[in-house]
Structure formats: structure tokens, C-alpha cells
Amino acid sequence: MENNILTESDIANTNLASKGILVRLSIKKWSGVKTSKKVAEQIAVDHDVPVTRIRGVLEVLGREAVILTRNPCNHAHTFLNLHTSPFDDLGWRFLPSDKITEVKERMEKFKEDFLGGVAEILDGYDSFKEKSKLELGDLFEEDFFPSKEDLEEKFSWEGNPFLITTIEDATQIIGLQKSLENYDHLSDQVLEEIQEGILKKHENAIRLIDQDTKNKLMNQLDNFITNVEGFNPNKKDARKGNTLRKNTLDNLVKEAESIRQNITGNPSNDAIADAVSNVIRMVGDYESFKADTGEAKKTRKRALNEAKKVKKDITKDGSGSLLDEMLGGDQ
């Protein structure tokens with residue numbers, strides 16, 4: 001083996017480094033929840049169970065205040081997960097290049113809402129504490145509430161608006177440097193192990209991304225199938241739903257576009273994308289698709305059958321190792 005290490009161009013050939021970036025969202029917030037021995041003892045007495053089986057919990061800050069930071073945090077994580085795929089077990093996620101602007105703008109808004117919530121909690125901290133005293137009565141303990149200075153340390157949003165890096169710079173992909181000088185002293189065996197380790201990380205990432213893309217498409221196919229099957233435009237028949245919303249199709253189109261990009265290079269994804277496109281073409285004009293006519297009913301039936309076939313094909317599809325093919329054979 002030549003005395004070298006996997007180059008950036010090798011990694012780019014996996015279709016990851018050239019098609020997206022890595023992101024990680026790290027948010028710290030105070031839940032405002034404390035355990036209370038008094039509550040645990042009371043529950044134990046009320047239900048005649050050992051106190052060692054009870055964990056008494058109090059929402060000392062109050063939900064009114066907690067949601068100021070909890071909601072932006074939850075919305076941010078949900079949004080990011082919908083637009084990215086898992087990359088590894090360290091919390092990094094893969095964000096396709098075409099979604100970077102949209103995700104960055106939305107994450108900045110979530111961060112703004114989060115920091116606004118932190119400011120509101122700090123400004124109203126004394127009143128939140130007084131309300132807690134009043135409502136908790138004898139259960140209230142002074143040490144439930146940290147000082148304002150300590151409280152501020154309990155909130156943070158790392159990154160601007162989130163941690164972001166190119167794949168080549170990610171710390172978990174050890175050994176990717178532009179220069180090979182650092183490896184001159186290593187044996188061929190060690191170099192080979194390093195290279196195999198890097199390739200393995202990317203192979204696992206490819207599998208995760210590929211499966212995540214399919215799962216998101218499957219969810220929208222399920223949603224499409226469920227809504228169309230339950231649709232009955234005859235308003236006199238209340239046995240089934242009379243509403244079929246356009247976003248049922250819009251969401252399917254969105255995930256179909258994602259699999260059409262075929263970021264991981266899995267050949268089966270092209271066939272899946274074509275099949276989903278066929279479903280969408282069958283729908284055609286959405287108002288006509290929802291109509292209460294014999295032709296519309298036939299169209300819905302054909303689209304349903306095709307959607308179910310696509311779903312079955314995705315379920316059967318097994319994503320094997322794609323690295324050898326992507327990197328041009330054994331390396």
C-alpha cells in the first residue's frame with residue numbers, strides 16, 4: 001500500500017462532502033422542574049406504596065414561563081430533523097446543500113424566539129418566583145430557584161444559529177488533512193486501518209441518510225394513502241371524511257424531490273423517484289382529483305394502487321454497501 005491517507009476527493013466521491021454540510025443543534029435550558037421529598041411522601045401515603053417507589057416532581061417555574069423557551073427549542077429540533085438526516089451517533093446531522101438557506105433562516109428565527117423567551121423569564125423572574133410561592137404553599141422551598149446570575153447560565157443556544165461544519169472538517173472524521181506529512185511515520189497497516197475507519201464512518205452515514213430519506217417518503221405515502229382511502233366527497237355520507245387537503249399531495253411532492261436528488265447514489269432511489277412521480281402525475285389537477293365523479297373515483301383508485309405499490313417496493317428495498325461502487329471498486 002502507498003504511504004497515503006484517504007483524500008478529500010475520495011470522500012467527495014461518496015456523494016456526501018460534495019452535496020451537503022454537517023449541522024448540530026445544541027440548546028441548554030432550565031426546565032423549571034424540581035423533585036420534592038414532601039410530594040413523594042404525600043403520594044406514598046395517599047396510595048399506600050413505599051416512598052422509595054415515588055419520585056415527587058414540581059413544576060416550580062410554572063408552565064407559563066417554561067413554554068417561552070421550551071416551545072422554540074422543540075420547534076427547532078423538529079424542523080431541523082425534518083430537513084436533515086442522521087449522520088452519526090455524536091449528534092451530527094447531514095443537511096443537503098439545497099436546503100441550507102431555508103434551514104438557516106428558520107433556525108435564526110427559532111433562536112430569536114428562544115432568546116426572547118430567556119429575556120422574558122429573566123425580566124419576570126421575581127414575579128414567577130412569587131407566584132410559585134403562592135401556589136405551592138408549604139411545598140415551596142427557597143432553593144428551588146437559583147439566583148438570576150446562575151439562572152442565566154442555565155440557558156444557551158450554541159452556534160449561530162447552530163453548529164455547522166463541512167464534512168472534511170468534522171472532528172469525528174479523524175485523519176482528513178490536506179497534507180499527508182503527518183502520516184509519513186506511520187506504518188502501512190496503521191494507515192490502512194485509518195483509511196478503512198474513515199470509509200466505514202461514511203458508509204454508515206450513507207446508510208443512515210438513505211434510510212432516513214426513504215422513511216420520510218414512506219411517512220408521506222402513508223399519509224397520502226390514508227387520506228385518499230378515507231375520502232368521500234359525498235357530503236351526505238358522513239361515514240368517511242369529506243376533506244382532502246392539498247398539503248397531502250404537497251408533502252408527498254416535497255419528499256419525492258428529496259429522493260429524486262439521490263444524495264447517496266443508491267440506484268434504487270431513481271426507480272422509487274420515478275414511481276412516486278407517476279403517482280403525482282396520476283393525481284393531475286387536484287380539484288378534479290377531489291371531484292365527486294366516476295372518473296375522479298377511478299383516478300383515486302389508480303393513484304392509491306400505485307402509491308401502495310411504491311410503498312411495498314420501498315419496504316422490500318435493502319440498501320447494501322455502496323462504497324465500493326462509489327469509489328470505483330476495492331480500495
I'd like to know if the side chain of [X] pairs up with that of [Y] as donor and acceptor (distance under 3.5 Å, no hydrogens or angles considered).
X    : Y    : answer
D270 : N262 : yes
N269 : D210 : yes
S268 : N266 : yes
Q211 : N215 : yes
R260 : S277 : yes

Ring centre gap for F79 and H83 strictly below 6.0 Å: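 Centroid separation for F79 and H83: below 6.0 Å.
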Other residues, nucleotides, ligands: >12 heavy atoms within 6.0 Å of [X] [atom1]:
X    : atom1 : answer
K311 : NZ    : no
K148 : NZ    : yes
E152 : CD    : no
D48  : CG    : no
R245 : CZ    : no

Measure the shortest side-chain to side-chain distance between [X] and [Y] over non-hydrogen atoms and say whether it is less than 4.5 angstrom.
X    : Y    : value
Y286 : L244 : yes
W92  : V23  : no
I314 : L221 : yes
K309 : K312 : no
D143 : K34  : no
F110 : F162 : no
E64  : K131 : yes
W30  : V66  : no

How close do [X] and [Y] get, counting heavy atoms only, and between which atoms?
X    : Y    : value
T84  : D212 : O-OD2, 3.3 Å
A296 : A291 : CB-O, 3.2 Å
K19  : Q261 : NZ-O, 4.1 Å
L139 : K38  : CD2-CB, 3.7 Å
R93  : L80  : NE-O, 4.3 Å
I280 : L249 : CG1-CD1, 4.3 Å

Check against side-chain contact (heavy atoms from CB on, under 4.5 Å), V103 and L95: CA-CA 9 Å; V103 170; L95 173 62; 3.7 Å; yes
Main chain of [Y], side chain of [X]: is a donor-acceptor contact present, judged purely on distance under 3.5 Å?
X    : Y    : value
S31  : V33  : yes
K133 : F140 : no
D285 : S288 : yes
T226 : N223 : no
S132 : F128 : no

Partners meeting side chain to side chain contact (heavy atoms under 4.5 Å, CB included) with N219 (sequence neighbours left out):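 Applying side chain to side chain contact (heavy atoms under 4.5 Å, CB included) to N219 gives none.
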Stepwise side-chain contact (heavy atoms from CB on, under 4.5 Å) test for E306 and K301: CA-CA 9 Å; E306 185 64 22; K301 185 175 181 179; over 6 Å; no
Test log, rule salt bridge (Lys or Arg N to Asp or Glu O under 4.0 Å), inputs E229 and K308: CA-CA 11 Å; E229 278 186 330; K308 289 177 180 179; 2.6 Å; yes
hydrophobic_cluster_shared for I259 and F224, side chain cutoff 4.5 Å: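 Result: yes, single cluster for both.
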Same apolar cluster: L68 and L122, side chain cutoff 4.5 Å: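 Result: yes, single cluster for both.
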Sequence neighbours excluded, every pair satisfying salt bridge (charged side-chain N to carboxylate O under 4.0 Å, His left out) that has a member inside residues 20-33: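 As it turns out, there is no salt bridge (charged side-chain N to carboxylate O under 4.0 Å, His left out) pair with a partner in residues 20-33 once direct neighbours are skipped.
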Partner of E108 under salt bridge (charged side-chain N to carboxylate O under 4.0 Å, His left out), chosen from K111, R106, K104: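 Only match with E108 under salt bridge (charged side-chain N to carboxylate O under 4.0 Å, His left out): K104.
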Identified side chain to side chain contact (heavy atoms under 4.5 Å, CB included) counterpart of V310 within the set T315, V276, D274: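 Of T315, V276, D274, side chain to side chain contact (heavy atoms under 4.5 Å, CB included) with V310 is met by V276 alone.
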Aromatic plane relationship, F87 with F94 - under 30° parallel, 30 to 60° tilted, over 60° perpendicular: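 The rings of F94 and F87 lie parallel, inter-plane angle below 30°.
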